[in-house]
Amino acid sequence: EAGVAQSPRYKIIEKRQSVAFWCNPISGHATLYWYQQILGQGPKLLIQFQNNGVVDDSQLPKDRFSAERLKGVDSTLKIQPAKLEDSAVYLCASSTPTGLGGELFFGEGSRLTVL
Amino acid sequence: QKEVEQNSGPLSVPEGAIASLNCTYSDRGSQSFFWYRQYSGKSPELIMSIYSNGDKEDGRFTAQLNKASQYVSLLIRDSQPSDSATYLCAVGAYSGAGSYQLTFGKGTKLSVIP
């Protein structure tokens, strides 16, 4: 079974530029998450999708971040314009929660450096 | 705001010793508890999950859960240098909107000294 795919793995941009990250979850996983992990910290949830609908984007900085999940499969996370503090690893995860809940499966992440 | 607290470490143990990692959480409605291991530059990988009070053992790993104390721990027996990584505690709960989410702690960095 293929895992969660993410691209690009690395991206270096200058502040005020834009960047987009792509994620393809595990086949059949209805729930998709984007997490931001700053160096030395744990992952922080940015946005959660159930199929192609947003169920929680309360921690997404909506003035610069946007995300979509077309057709309930692939997802794209965009940052425009980027700030220095956006330097982080952006992790995509998917799951198929049942009953008490379940584990999240993570992609390899997209490491963003903003200069 | 749901919180998950861990000692950031670093925690250093000699090879062959028992490493003990601890985690507390704030949301009493939490239902599922996980330990993820994260090597430097890699994504988190699940090593243990626990859903009910008590101990759960898997090889050299034992997870312990005490919901009354809102406390989760991970014991690693016979620690190996390959266990050197950051260990993330994650707590799962359904939000008010009915969505299931994991909240992560900041992680504890473990170093196993040969």
### Task
Verify the neighbour count for atom CG of B/N66: are there more than 12 heavy atoms of other residues, nucleotides or ligands below 6.0 Å?
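Yes.
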
### Query
If you group Ile, Leu, Val, Met, Phe, Trp and Tyr by side-chain heavy-atom gaps below 4.5 Å, do B/L21 and B/L46 land in one group?
no

### Toward chain B: residues of residues 17-25 of chain A with heavy atoms under 4.5 Å
none

### Task
Report, by ascending residue number, the residues of residues 108-115 of chain A in heavy-atom contact with chain B at a distance under 4.5 Å; give 'none' if the set is empty.
A/E108, A/R111

### Query
Is there any salt bridge (charged side-chain N to carboxylate O under 4.0 Å, His left out) pair reaching into residues 68-78 of chain A, and which pairs are they, with sequence neighbours excluded?
none

#### Entry: Part of residues 35-43 of chain B lying next to chain A, heavy-atom separation under 4.5 Å
B/Y36, B/Q38, B/G41, B/K42, B/S43

### Query
Which atom pair, heavy atoms only, marks the closest approach of B/L88 to A/P43?
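In this case the closest contact between B/L88 and A/P43 is CD1-CD, 3.9 Å.
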
To the nearest 0.5 Å, how far apart are [atom1] in [X] and [atom2] in [Y]?
{"X": "B/Q101", "Y": "A/S95", "atom1": "CD", "atom2": "OG", "value": "10.5 Å"}
{"X": "B/F34", "Y": "A/E103", "atom1": "CZ", "atom2": "CD", "value": "7.0 Å"}
{"X": "B/Y100", "Y": "A/D56", "atom1": "OH", "atom2": "CG", "value": "14.5 Å"}
{"X": "A/Q37", "Y": "B/K106", "atom1": "CD", "atom2": "NZ", "value": "12.5 Å"}

#### Entry: Toward chain B, the part of A/Q6 with a non-hydrogen atom under 4.5 Å
neither

### Part of A/L45 lying under 4.5 Å from any heavy atom of chain B
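The side chain, not the backbone.
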
### Best-contacting candidate, A/Q41, A/Q48, A/K44, against chain B by heavy atom pairs under 4.5 angstrom
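That would be A/Q48.
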
### Task
Test B/L102 against A/Y33 for side-chain contact (heavy atoms from CB on, under 4.5 Å), laying out the working first.
CA-CA 10 Å; B/L102 289 194; A/Y33 310 80; over 6 Å; no

